[in-house]
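Written out below as C-alpha cells is the structure these notes cover.
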Amino acid sequence: MAIATVTHRATVTREQHVKSGRWRTIRGYTGLLLIVVWGLAPFYWMIVTAFRDVGYTFDTTPWPTHVTLDNFQTAFSTDRGNHFAHALLNSLIIGVITTALAMLVGVFAAYAISRLNFAGKYLVLGFILGASMFPGVALVSPLFQMFSSWGWLTGYNYQALIIPNISFALPLTVYTLTAFFSEMPWELEESARMDGCTQGQAFRKILLPLAAPGLFTTAILAFISAWNEFLLSSQFATANTQPVTVAIASFTGSQPHQEPYTAVMAAGTIVTVPLIIMVLFFQRAIVSGLTAGGVKG
C-alpha cells in the first residue's frame, strides 16, 4: 500500500513538472512573439504605406491595398528637388570610409589594450567608453564653429561628416575588439613567436585570421551606425554631401504644405531593406563574432 502511494505521488509530481514545463515554454514563445511584433510592426507598416497609392495614405487597412510603385519613382525623381540617388551614394561613401578608418585604428588600439601591459591601460579604456556616452547634441555647436572656420561646410567636404562619425564608431570598435582579443589564448601568439615570427607577423598571420568573425561583426555594426546617423549630418551636410537620412527628412511633396508620407516610406524601405538583407545573409558570422572568443582546447 505504501509503495502504491509513493508511486502515485511520483506520477503526480512528474505530471506537474511536465505541465509546468509546457506553460514555461508557452510563456517564453508568447513573450518572443510579442517582442517580434513590437519590433517589426513599424517596419511592416512602412512597407505597406510605401506600396500604397498616395490617395489612400491614411487608409488603416492592415494589409496592402491599392498597391502601386509610383512612390518609389517619386522618391528617385529630381523634379521636386529630391536627390535621393545621390544621397544613397553619399551614405555609402561616408559609411565605407568611416568603417574602414574606425576598424584600422580600432584593431591596433584594441590589440594594444588587450595584449600589452602599460600604465593607465584601464583608464584609457574607461576614457574610450566615456567618449561613447558623450551626447552628440553637445558637439554640434563647437564642431559647427570649427568646421565653418576651416571651410568644410561647403562643396564636397565629406570629412565634416566622416570625422564625427569616426568619433562615434571608434569606441564601439575598440571596446568590442578589446573583449575579443582578450579572450584569445596567449599561447597562439607565443607559439608563433617561437617558430620565428615577429610580433607583427604573429599578429597579422595568426591573430587577425582567428579574429575575422569579430572584425566582421564590428565592421557591420560600425557601418550601420554611420549609415543611420542623422543629428550631426543634418547640421554639417551640404547639398552635395547630404546622406540618405537627411535627404529623406528634406523630401517635398507636390503641394507646398503637403508631407509626402508615401514617398518617405518608399525611401525608408529602400534604405532599410538592404541592411536587413545584409544582416540576414551574414547572421552566422555576426553571431559567431558576438559569441566566439578564440580557440579553446
Side-chain angles (χ1 to χ4, degrees), residues 38-39 42-43 46 81-84 86-106 109-110 123-178 218-252 257 259-261 263-265 267-272 274-276 279:
W38 179 267
F43 177 69
M46 178 179 69
N82 303 326
H83 301 283
F84 183 64
H86 185 64
L88 280 173
L89 179 61
N90 289 336
S91 285
L92 186 62
I93 293 173
I94 295 169
V96 170
I97 295 178
T98 298
T99 303
L101 293 178
M103 290 299 296
L104 180 64
V105 177
L123 185 62
V124 171
L125 186 59
F127 276 121
I128 292 174
L129 291 178
S132 66
M133 302 175 188
F134 204 82
V137 68
L139 302 176
V140 173
S141 296
L143 287 179
F144 186 88
Q145 184 178 6
M146 184 169 59
F147 291 164
S148 179
S149 63
W150 292 348
W152 284 8
L153 302 182
T154 58
Y156 284 90
N157 290 311
Y158 289 102
Q159 63 269 28
L161 304 176
I162 292 173
I163 292 177
N165 278 330
I166 292 176
S167 68
F168 291 114
L170 196 56
L172 171 67
T173 59
V174 172
Y175 182 74
T176 304
L177 293 177
T178 297
T218 307
I220 290 179
L221 296 177
F223 180 82
I224 292 176
S225 175
W227 182 270
N228 292 333
E229 202 282 322
F230 173 77
L231 176 61
L232 298 180
S233 297
S234 65
Q235 302 300 318
F236 303 148
T238 65
N240 297 319
T241 62
Q242 65 176 205
V244 289
T245 52
V246 179
I248 292 175
S250 304
F251 269 17
T252 57
H257 302 288
E259 187 69 26
Y261 290 108
V264 169
M265 295 299 179
T269 301
I270 295 171
V271 171
T272 307
L275 294 180
I276 295 176
V279 171

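To the nearest 0.5 Å, the span separating CD1 on I166 from OG1 on T99 amounts to 9.5 Å. Within the model, atoms OG of S141 and CE of M146 stand 12.0 Å from one another, a figure rounded to the nearest 0.5 Å.
Annotation: side chain of L88 is in contact with side chain of V271 (closest heavy-atom distance under 4.5 Å). Contact annotation: the side chain of W152 never approaches that of F236 to less than 4.5 Å [non-hydrogen atoms, C-beta and beyond]. Between Y158 and N90 there is a side-chain heavy-atom pair separated by less than 4.5 Å. With contacts defined as side-chain heavy-atom distances shorter than 4.5 Å, the pair P164/L139 does not qualify. You'll find the side chain of F84 reaches within 4.5 Å of the side chain of I248, heavy atoms only. Considering only heavy atoms from C-beta on, V137 comes within 4.5 Å of L231 through its side chain. For the pair Y175 and L129, the minimum side-chain heavy-atom distance is below 4.5 Å. N165 places none of its side-chain heavy atoms less than 4.5 Å from the side chain of W227.
Here the side chain of T241 pairs no donor or acceptor atom with the backbone of A237 at under 3.5 angstrom. For T178 (side chain) and V174 (main-chain N/O), a donor-acceptor pair under 3.5 Å exists by modelled atom type. Side chain of T245 to main chain of E229: a donor-acceptor pair is present (N/O by atom type, distance under 3.5 Å, no hydrogens or angles). A donor-acceptor pair is defined here as one N or O able to donate and one able to accept, closer than 3.5 Å; no such pair exists between the side chain of T176 and the backbone of T218. Between the side chain of T98 and the backbone N or O of G95 there is no donor-acceptor pair closer than 3.5 Å. Checking side-chain atoms of H83 against main-chain N and O of A247 turns up no donor-acceptor pair under 3.5 Å.
Between I128 and P171, the shortest heavy-atom distance links the atoms O-CB, 3.5 Å. Between P274 and T269, the shortest heavy-atom contact is CD-O, 4.2 Å. Closest non-hydrogen pair, L161 versus P243, comes out as CD1-CD, 4.3 Å. What you find for L232 and G136 is that their closest heavy atoms are CD2-O, 3.9 Å. Between A222 and L172, the shortest heavy-atom distance links the atoms N-CD2, 4.1 Å. N157 and G151 make their closest contact through ND2-O, 3.1 Å (heavy atoms, listed as atom of the first residue, atom of the second, distance).
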> Please walk me through it: do N228 and L275 pass side chain to side chain contact (heavy atoms under 4.5 Å, CB included)?
Replying inline: CA-CA 10 Å; N228 292 333; L275 294 180; 4.2 Å; yes

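Between F147 and W150, the ring planes lie tilted relative to each other; the angle falls in the 30° to 60° range.
More than 12 heavy atoms of other residues, nucleotides or ligands sit less than 6.0 Å from atom CZ of F168. Environment of CZ in F127: sparse, with no more than 12 heavy atoms of neighbouring residues, nucleotides or ligands closer than 6.0 Å.
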